[in-house]
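One structure is given below, encoded as structure tokens.
To find a chain, count down the sequence lines: A is the first, B the second, and so on, and within it residues start at 1. Note that the structure is a prediction, hence the values are computed from the model and not measured.
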Amino acid sequence: MTSSPPTADVDLFADDVLVDPYPTFTHLRELGPVVYLPRHDVYALTRYDVIRGALADTATFSSRAIAFNPAANDALRGTSLASDPPIHTELRATLTENLSPRALRGLKTTIETKADTLVADLVTTGSFEAIDALARAFPLEVVADLIGFTGEVRANMLRWGQAAMEVLGPMNQRTAENFPIAGELYAWCSQVQAEDLTPGSVGRGIFDAEARGAIPAGSAGHIIHQYLGAGVDTTIASIGNLIALFAAFPDQFDLVRADPTLVPSTFAEVLRYWAPLHAWGRAVTRDVEIDGHLIPGGSQAAVLLGSGNRDPRHYDDPDSFRVARNPVDHLSFGYGPHGCAGQGLARLEAHAIIAALARHARRLVAAEPIRVPSNTTRSIDALEILEVVPA
Amino acid sequence: MKITLDRPRCEGHGLCEEAAPELMHLDDDGELVLDIVEVPEGSPQAAAASAAVRVCPVAALKLA
């Protein structure tokens with residue numbers, strides 16, 4: 001028998017929920033696999049199996065409404081992120097041409113060397129602020145070098161990347177304040193030319209591909225936009241999170257230090273434990289029944305990736321952080337046709353940082369992480385490492 | 001049972017190789033090669049194939 005899903009009077013984007021969504025996620029997940037949230041007029045997907053199923057079913061759960069306000073969804077129209085198969089298939093191929101693990105193999109050593117040098121220097125200083133000095137510095141440098149950004153863009157990457165994620169929320173004050181900044185990014189990407197990017201960079205290569213006709217005319221700017229919009233803020237969040245988790249769980253850090261083969265498993269567990277993305281939208285294209293509950297066609301779903309990652313129906317003791325767990329099927333990169341296009345690069349970067357920390361540091365003593373509410377990316381804003389004990 | 005690969009969708013993340021190294025590997029160009037395609041139902045190979053399908057982040061592998 002089909003019934004309406006349970007309803008919860010929850011503001012998913014309230015400051016306290018954004019700073020720590022996990023109590024709310026637990027509450028919603030226990031109410032049901034699908035919970036209607038009247039404050040946002042969305043159907044929240046809360047449990048692992050339902051989320052993974054929805055992400056795989058692009059015909060029912062369309063990407064044409066990934067944001068929670070119409071202006072952002074309009075602005076994203078025509079991008080790989082916001083389209084569905086079959087059009088998505090071609091856009092995605094264009095986007096991943098230079099971003100897949102295949103394409104990035106040549107960068108592995110460079111990225112590892114950069115991470116090692118940066119971490120070794122910080123460990124020598126004895127104490128440092130880990131977000132600016134490491135979680136932001138490293139991905140900004142990697143992505144800037146990869147795309148070939150110089151000058152003004154390099155200086156703007158952080159605020160543009162943050163704004164591009166912030167505007168995906170509902171039309172609250174944060175969204176409104178960030179639209180003009182996201183607009184700067186969009187405007188810059190609409191007029192960027194090959195000569196603005198360093199010769200030999202991947203970004204320059206994307207323009208060469210456009211000039212050759214290998215990718216559609218006008219798509220180079222869109223691709224650069226997605227690199228900056230999607231690839232910066234999320235990676236910064238996950239690197240900040242892993243440093244904070246190593247400081248909070250020294251016994252788990254010891255396990256990675258003793259066994260470097262745990263590096264990939266550790267990163268998967270960091271992503272599972274603290275999902276960088278808060279909620280991600282889907283447009284529901286038809287009436288669909290989930291575990292006996294009806295989600296009406298024409299409505300919007302909110303995919304709660306971090307809630308699925310803590311579902312005890314899927315993960316044993318989900319609220320504990322265990323680096324040896326190896327949860328390769330975590331939901332933080334999404335899943336299926338829209339699975340994070342930059343996950344290969346994210347892994348390269350994070351694995352390099354974890355390995356470097358495990359090599360150079362024995363113990364990280366940190367102050368309480370400072371979090372600032374943000375509509376889309378859940379990240380640490382400041383993390384003082386008061387003392388680092390060298391290895 | 002048969003393992004099938006949606007070649008255009010595969011991006012070479014390589015998680016399947018880690019899950020089932022006896023069945024598939026990434027070649028020197030980073031392209032996935034299925035070394036074994038047919039696996040007997042209920043066999044350890046079928047279990048490994050199923051694990052590989054499960055971890056593919058872009059749902060490019062199927063087992064049927």
Side-chain angles (χ1 to χ4, degrees), chain A residues 48-49 52-59 61 80 85-86 88-108 261-265 267-268 271-272 305 314 326-348 351, chain B:
Chain A
Y48 183 94
D49 287 344
R52 193 166 144 118
L55 294 174
D57 181 3
T58 56
F61 294 93
S80 160
H88 168 263
T89 311
E90 194 182 314
L91 293 169
R92 167 91 178 190
T94 308
L95 178 69
T96 55
E97 176 73 29
N98 294 290
L99 197 53
S100 68
R102 265 198 281 290
L104 295 170
R105 277 177 312 154
L107 279 176
K108 190 166 186 277
T261 66
L262 288 177
V263 168
S265 165
F267 185 46
L271 290 169
R272 184 197 71 82
L305 303 167
H314 188 74
N326 200 23
V328 276
D329 60 352
H330 69 78
L331 297 165
S332 288
F333 284 134
Y335 172 68
H338 281 282
C340 172
Q343 60 183 286
L345 180 60
R347 278 195 198 92
L348 272 185
H351 291 181
Chain B
M1 304 183 86
K2 198 175 174 200
I3 309 169
T4 49
L5 169 65
D6 183 342
R7 173 82 52 196
R9 191 179 274 191
C10 173
E11 294 168 355
H13 294 285
L15 302 182
C16 58
E17 181 183 16
E18 284 167 35
E22 67 277 32
L23 303 179
M24 55 196 75
H25 73 280
L26 291 174
D27 69 12
D28 292 343
D29 295 322
E31 294 284 348
L32 185 65
V33 178
L34 297 179
D35 299 302
I36 293 173
V37 172
E38 295 281 351
V39 292
E41 198 164 348
S43 67
Q45 283 188 327
S50 167
V53 168
R54 168 114 204 121
V55 299
C56 175
V58 292
L61 281 172
K62 284 196 172 61
L63 177 68

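Nearest approach of V55(B) to A19(B), heavy atoms of both residues: CG2-CB, 4.1 Å. Across all non-hydrogen atoms, the minimal contact from A20(B) to A48(B) is CB-O, 3.6 Å. Residues S80(A) and H88(A) come closest through the heavy atom pair O-CD2, 3.0 Å. Residues A46(B) and L63(B) approach most closely at O-CD2, 3.8 Å, considering heavy atoms. Scanning both residues, A341(A) and L95(A), for their nearest heavy atoms gives CB-CD2, 3.7 Å.
Residues of residues 2-17 of chain B lying under 4.5 angstrom from chain A, judged on non-hydrogen atoms, are R9(B), C10(B), E11(B), G12(B), H13(B), L15(B) in numerical order. Contact annotation for residues 29-40 of chain B against chain A (heavy-atom separation below 4.5 Å, listed by residue number): D29(B), G30(B), E31(B).
Both the backbone and the side chain of Y335(A) come within less than 4.5 Å of a heavy atom in chain B.
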Checklist entry - Passes side chain to side chain contact (heavy atoms under 4.5 Å, CB included), L305(A) versus L55(A)? Steps please. => result CA-CA 10 Å; L305(A) 303 167; L55(A) 294 174; 4.1 Å; yes
Item to check | D329(A) and R52(A): CA distance, side-chain angles, deciding distance, side chain to side chain contact (heavy atoms under 4.5 Å, CB included) verdict | outcome: CA-CA 10 Å; D329(A) 60 352; R52(A) 193 166 144 118; 4.0 Å; yes
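Here Y48(A) pairs with H314(A), Y315(A) under the ring-ring contact (aromatic ring centres under 6.0 Å, His included) rule; sequence neighbours left out. Residues satisfying the ring-ring contact (aromatic ring centres under 6.0 Å, His included) criterion with F267(A), sequence neighbours excluded, are H351(A).
Counting heavy-atom pairs closer than 4.5 Å to chain B, the top residue among G339(A), G344(A), P337(A) is P337(A).
Rounding to the nearest 0.5 Å gives a distance of 11.0 Å between CG of L331(A) and CG of L271(A).
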